[in-house]
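Beneath this line is the structure, given in structure tokens, with notes to follow.
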There are 2 protein chains.
Amino acid sequence: MSDADLLFKALADKGRRKLLDRLYAQDSQTLSELCRHLAMTRQGVTQHLAVLEAASLVAVQRRGREKLHFLNPVPLQQIYDRWIYKFEKPRLKALSSLKRRLEGGQG
Amino acid sequence: MSDADLLFKALADKGRRKLLDRLYAQDSQTLSELCRHLAMTRQGVTQHLAVLEAASLVAVQRRGREKLHFLNPVPLQQIYDRWIYKFEKPRLKALSSLKRRLEGGQG
DNA sequence: ATAATAGGCAAGTAATTACTTGCATGTCAA
DNA sequence: TTGACATGCAAGTAATTACTTGCCTATTAT
């Protein structure tokens with residue numbers, strides 16, 4: 001499975017996106033802490049986190065019996081480059097050339 | 001199913017992303033044209049396109065017996081706002097404050 | 001030492017998703 | 001008008017994914 005595939009698959013689940021949001025609100029949470037806000041068993045959360053880890057969206061660090069989770073936004077940049085910027089570019093170019101034309105430039 | 005969910009689910013499949021790429025390379029293709037480049041039956045492609053349409057990533061227009069497909073990049077902007085910009089912002093801020101500090105400003 | 005806490009592993013089930021086959025309909029060209 | 005072409009619809013199967021239950025291990029606190 002390619003990086004991009006892991007990434008999109010990871011983002012394709014509401015529960016996993018919610019986990020990312022929880023980590024955005026407060027980074028470095030343990031598994032149990034994260035469980036508190038999800039209507040799901042601990043195992044469910046564990047499995048979702050594993051998917052997020054596989055996509056490198058979440059990094060972990062062990063502290064004694066606890067497992068701390070950290071948000072890693074870097075892979076999202078990859079999505080931006082490959083899927084947002086690329087697809088928006090033509091539209092943005094069209095808009096800015098329209099803008100220049102309206103302003104009396106040579107478009 | 002929320003807009004965001006439709007969108008992420010739509011992007012979570014390699015075949016569908018390939019379809020978007022084909023439409024990026026050349027817009028306004030018919031179903032049969034799109035089929036030529038995918039190792040899949042026409043029905044498979046039809047169903048993937050339906051998912052992309054549900055997510056508003058692809059718009060269609062009928063011309064006689066043909067169905068033309070158009071790429072709509074707008075929903076991608078939504079992903080950028082909600083999932084890329086938001087999550088990158090703290091990192092970008094940290095980078096630019098580091099940059100200012102290195103340049104001798106007040107960070 | 002022992003009880004409570006934090007988490008891991010594995011198997012099983014339910015639900016969803018991807019893909020196919022077969023047939024039907026509408027459109028166009030000869 | 002008939003044959004080829006473009007697409008639609010529906011049911012069925014295979015594959016994947018989400019989620020749960022039950023039990024096990026390691027760490028911490030009393």
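When reading the values below, keep in mind they use all heavy atoms of this one structure, side chains included, and skip hydrogens, waters and symmetry mates. No experiment lies behind these values; they were computed from the predicted model shown. Order of the sequence lines sets the chain letters (A, B, ...), proteins ahead of strands, with each chain counted from 1.
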**Message:** Under a 4.0 Å threshold between the charged nitrogen and the carboxylate oxygen, would Lys9(A) count as salt-bridged to Asp13(B)?
**Reply:** no
**Message:** Less than 4.0 angstrom from a charged side-chain N to a carboxylate O is my criterion; do Glu33(A) and Lys67(A) meet it?
**Reply:** no
**Message:** Output the rounded distance in Å from NE2 (His69(B)) to C1' (dG8(D)).
**Reply:** 12 Å
**Prompt:** For the rings on Phe8(B) and Phe8(A), is their centre-to-centre separation under 6.0 Å?
**Reply:** no
**Prompt:** Rounding to a whole Å, what distance do you find between Leu31(A):CG and dT5(C):C1'?
**Reply:** 12 Å
**Request:** May I ask you to say whether Asp21(A) pairs ionically with Lys86(B), meaning some side-chain N is under 4.0 Å from a carboxylate O?
**Result:** yes
**Message:** Treating primed atoms plus P, OP1 and OP2 as sugar-phosphate and everything else as base, which nucleotides of nucleotides 17-30 of chain C get B, S or - for protein heavy atoms under 4.0 Å?
**Reply:** SSBBBB---BBS--
**Request:** Report the distance from atom CD of Glu33(B) to atom P of dC5(D), rounded to the nearest whole Å.
**Result:** 15 Å
**Asked** Quick one: Gln29(B) CD to dA6(D) C1', roughly how many Å, whole number?
**Response** 15 Å
**Request:** Would you mind reading off the distance between Glu53(B) atom CD and dG8(D) atom C1', rounded to a whole angstrom?
**Result:** 12 Å
**Partner set under side chain to side chain donor-acceptor pair (under 3.5 Å) for Glu88(A), not counting sequence neighbours** = Arg91(A)
**Prompt:** Are any non-hydrogen side-chain atoms of Thr41(A) and Val45(A) less than 4.5 angstrom apart?
**Reply:** no
**Request:** Could you tell me the separation between the CG atom of Leu49(B) and the C1' atom of dC9(D), rounded to a whole number of Å?
**Result:** 16 Å
